[in-house]
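Down below is the structure, laid out as C-alpha cells.
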Amino acid sequence: MPDLKKTFYVTTPIYYVNDIPHIGHAYSTVGADALARFKRMDGYDVFFLTGTDEHGQKIAKTAADEGLEPKQLADRVVERFKEAWAKLGITYDRFIRTTDEDHRKAAQAFFKKVMDAGFIYKADYEGWYCLPDEKFLLDSEVIDGPGGTKTCPDCGRKVERIKEENYFFKMSAFQKQLEKHLEDNPDFLQPASRKNELVNNFIKPGLADVSITRSTVKWGIPAPVPESTVIYVWFDALVNYLTALGWPDGENYKKFWPADVHIIGKDILRFHTTIWPTALMAAGIPLPKKVFGTGYINKDGKKMSKSLGNTVDPFELAATYSPDAVRYYLLREIAFGLDGNYTDDAFQLRFNGDLANDLGNLVSRSLTMLEKYFEGMVPKPGPQGELENQLAAIAKSYASKARTAMEHLEFHTTLIQAWELVKRANKYIEETSPWKVAKEGYGGKEKLATILFSLMEALRVTALSIAPFLPFTASAIWSQLGYSDDIHSHSLKETEEWGKIPVGQKIAKGQPLFPRIEKENKK
RNA sequence: GGCGGGGUAGCUCAGUUGGUUAGAGCAACGGUCUCAUAAUCCGUAGGUCGGCGGUUCGAAUCCGCCCCCCGCUACCA
C-alpha cells in the first residue's frame, strides 16, 4: 500500500572536513534539526540529512601537511562531527560522506546523465596557476607583483597562466529557465533579500559555463570520461542530496525527492541557486522546493576567527551549561537567515531570564505545589473559570501560529509563541495564588485542584511545544509530569487538546532544569 | 565602482496597503507576593522614529538629496 503520509526532506550543508566543528556548523545543523523534529511531530514522514564534503585540493594539502592520507584526515574529522551532533541531540537520518561508495556511484551517474543529455563539452580552461602550491587561482585572487607579474596570495611566488583541457557544464543554456524558475517560485530562494544579490550579480550578467573536471587534482571522484580526471568538487558535493535517497531508483528517492529545503550558509548560496538547479534541469530532475541561506555568527559584534582568538565553542558551552541552552540561544537570539551575534552577556541573559526564571522556575513552583497540596497526584479539576479559559486559549493557539512561523524557518518567532504560555502560566499562578487558597480555604479543595490541574496542562503543552527546540528539557519535563513514554513520539496536535493529562498521574519533581548562572561563575 | 539591505527607547528588535497620545523583550528604578531556581507578578521612567526638504487634512510609513553601517560582486571550499 502506498504511504499517504506527507513527507519532508531537509538537508544541512555537508561540511568541509578541512575544519573541525564550530558554532557556524552548529547553527545550521541545530536549525535543521529543530525543523526536522517539528515536522515529525506535525505528522510528516521526515528524512533529515547531514554529512561531510571530503574531496578537493585543500583537503589533500591539509592531510599531506599532517602526513596523512586524505581519507585518514577525513575519518578523523568525521568522528568530531558525529560526536558534536550527538552532544547537541541532532536527529539526522543519515550522515553522508562524499567518500561513501554509493555517493561515488551517484556522482558519476549524475555526471554521465548530464553528459548524455548533451550539456557537457570539452574545452580549454585557462587560468592562473601556482606551480609550487599546485593550485588554480582566480583572477580576483592573484596579487599584482613587480613588472606586471602576478603572484600567489598564499606563498607569494609568481603564478603562471596555464591552459588545461577540461569538461565544462553548459550552464549558460539554462539562464532563461533559471530566471523563470526564480520568478515563478518566489520562495525558492530565502531569505528573499539575497535574491537580488544573486540575480543582479550572476544571472542578469549572464550565466557562464563552468568547468567540472580537474586534471591537476587527484583527490576526488574519477569522472566517467576516458581521460584521467576527477569531478570538480561542487559537481560532486551537491549530488549528495540525491545520493542519500538512493537516486536514481531508490525507494527513498521516490518518496522524498524533491527536497523541501536545503539549509545552507550564505557563503554557498550561490552554488545552490545556480549550478545545482541548472544541473538538475540538465539531468531532468525536479528542483528542490527551497534553498535557505543562514547568516554568520559574530562574537561581540566582530567576525570570529582563530587568529583573533575570539571563537566560541558551542560544544564547550553545551558541556558547561546544557546542550539545550546552546540550542535555545542559537534559535531564539538570532533570526534564522540573518547574521547573528554571540556575547557572554546575551547568553547569560537568555539563560537566566527565559530558561531559568520563566521556564525552569515555572516547572519547579508548579510541581512543588502539586506535591505539597495533592501528594504529587494530578487532581480531578472542578469547573473551568475565565482564567483557565484564557490559559487554555493560549495553549490551543500555539500549533497554528507555530506552523506559520516554521514555514519560513522563523525559529525565534516560534519560541516566542511557546513562551506566551509559559509567561501566562506564571501570571496565572499570581492571579490564583494557590497557596492562599490552600491556607485560607476559600473556593475549597476543588478550586485548588482546578488550579493545579491547569498548571499541569500548561506544563504538558509547553513540553510538547518546546520539544523540537529543547529536546532534552522537554523529555525532562515530560518525565517529571509522570509520563513514562518518549515525548518525541507525541504530536503537535496534542497541544490543542486541553485537559489531556491523566487525573491521578503521579508526578516526580526533579532537580532545577536550568540552575541560574551566577555573576561570579560567569566565564 | 555596480547592485542590494539597513539606520526606531541604554541594548536587541516589531511596526500590515500613510491615520487616533510610536510598541515588545531585556536592562534601570519603585512596589507586591511567598508556591518557586532572591524566581514571579504589578507599576514607573526612557525615543526630534539618521539629517534636511517635499507631497498630504495627516508620514517612522510615500518622493528627492545628504550622512553612516552592512552584504554581494562567478568556477578555494
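To find a chain, count down the sequence lines: A is the first, B the second, and so on, and within it residues start at 1.
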For [X] and [N], what is the distance between atoms [atom1] and [atom2] respectively, to the nearest whole Å?
X: R214(A); N: A77(B); atom1: CZ; atom2: P; result: 7 Å
X: R365(A); N: U34(B); atom1: CZ; atom2: P; result: 12 Å
X: I203(A); N: C3(B); atom1: CD1; atom2: C1'; result: 14 Å
X: Q417(A); N: A24(B); atom1: CD; atom2: P; result: 16 Å
X: I268(A); N: C76(B); atom1: CD1; atom2: P; result: 15 Å
X: E430(A); N: G31(B); atom1: CD; atom2: P; result: 18 Å
X: L370(A); N: A36(B); atom1: CG; atom2: C1'; result: 14 Å

Write out the stems for RNA chain B, ordered by first number and formatted as range with range, counting runs of at least 3 consecutive Watson-Crick or G-U wobble pairs under 3.5 Å.
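Consecutive-pair runs (3 or more) involving RNA chain B: B:1-7 with B:67-73, B:10-13 with B:23-26, B:28-31 with B:41-44, B:50-54 with B:62-66.
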
Under 3.5 Å donor-acceptor pair, [X] side-chain atoms to [N] base atoms:
X: N201(A); N: C72(B); value: yes
X: K372(A); N: C35(B); value: no
X: N361(A); N: A36(B); value: yes

Mark yes or no: R214(A) above the aromatic ring of Y232(A), with NZ or CZ under 6.0 Å from the six-membered ring centre and no more than 45 degrees from the axis.
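Yes, R214(A) and Y232(A) form such a contact.
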
Distance under 6.0 Å and angle within 45° of ring axis: K445(A) vs Y373(A):
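No; the conditions do not both hold, so K445(A) does not lie above the ring face of Y373(A).
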
Side chain [X], main chain [Y], donor-acceptor under 3.5 Å:
X: W234(A); Y: I275(A); result: no
X: Y16(A); Y: H55(A); result: yes
X: N201(A); Y: E197(A); result: yes
X: N352(A); Y: I517(A); result: yes
X: Q505(A); Y: M377(A); result: no

Quick one: do the Y15(A) and T50(A) side chains pair a donor with an acceptor below 3.5 Å?
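Distance-only check fails for Y15(A) and T50(A).
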
Does the side chain of S215(A) come under 3.5 Å of the side chain of T229(A) through a donor N or O and an acceptor N or O?
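No pair is found: no donor N or O on one side chain lies under 3.5 Å from an acceptor on the other.
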
P gap between U12(B) and G7(B), integer Å
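Rounded to whole Å, the distance is 12 Å.
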
If the C1' atom of A9(B) is compared with that of A22(B), how far apart are they to the nearest Å?
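My reading of the C1' atoms in A9(B) and A22(B) gives 10 Å.
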
Quick one: on RNA chain B, does S366(A) or D209(A) contact a more 5' nucleotide (nearest heavy atom)?
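Looking at the nearest nucleotide for each, S366(A) comes out on the 5' side.
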
Sequence-distant partners of K122(A), salt bridge (Lys or Arg N to Asp or Glu O under 4.0 Å), two or more places apart
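Salt bridge (Lys or Arg N to Asp or Glu O under 4.0 Å) check on K122(A) returns E227(A).
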
[X] near the nucleic acid: base, sugar-phosphate alone, or nothing, with a heavy-atom cut-off under 4.0 Å?
X: G206(A); value: base
X: T368(A); value: sugar-phosphate
X: F202(A); value: base
X: N200(A); value: sugar-phosphate
X: Y232(A); value: sugar-phosphate
X: G360(A); value: base
X: L207(A); value: base

Within less than 4.0 Å of OP1 or OP2 of U73(B), is there a side-chain N or O belonging to R270(A)?
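Yes.
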
Please work out which residues in residues 505-513 of chain A have a non-hydrogen atom less than 4.0 Å from an atom of RNA chain B and list them by number.
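Only P512(A), L513(A) qualify.
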
